[in-house]
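Position 1 is the first residue of the sequence; numbering continues from there. Hydrogens, waters and symmetry mates play no part in the numbers below; they use all other heavy atoms, side chains included.
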Amino acid sequence: MTNFSAFLKDEAGAVTVDWVVLTAAVVGLGLLIFNWVRPAVSNLAESINAELAEAQACMESDGVTC
């Protein structure tokens, strides 16, 4: 019984549990923010792609009408 009560009073693994919970919270918040930001970044990337395609078409043409 002495070994069991010593095991219950031992707090050596408590720090590990705290870090696991903290890491899970950080990962969860990161995923939440990623899902919130992703549509805006996708729209921006599409706009940049359209501008680059327009610039490429201009460079491949005579270049005067750009």
Side-chain angles (χ1 to χ4, degrees):
M1 192 68 172
T2 307
N3 289 336
F4 183 69
S5 62
F7 173 75
L8 290 177
K9 291 179 183 178
D10 187 19
E11 296 184 12
V15 174
T16 303
V17 173
D18 290 343
W19 275 106
V20 167
V21 171
L22 181 64
T23 303
V26 168
V27 169
L29 286 174
L31 289 173
L32 181 68
I33 290 172
F34 174 74
N35 284 331
W36 183 61
V37 171
R38 181 176 42 179
V41 173
S42 179
N43 291 339
L44 180 62
E46 289 174 8
S47 298
I48 291 171
N49 187 30
E51 290 289 330
L52 289 175
E54 184 180 324
Q56 182 180 6
C58 178
M59 295 298 288
E60 290 174 350
S61 68
D62 60 358
V64 178
T65 59
C66 298

Test: side-chain hydrogen bond (donor to acceptor under 3.5 Å, both in side chains). Region: [range]. Which pairs qualify, not counting sequence neighbours?
range          : result
residues 26-41 : Asn35-Arg38
residues 21-32 : none
residues 47-57 : Gln56-Glu60

Who else is in the cluster with [X] when I, L, V, M, F, W and Y are joined by side-chain contacts under 4.5 Å?
X     : result
Val20 : none
Ile48 : Leu44, Leu52
Leu31 : Val27

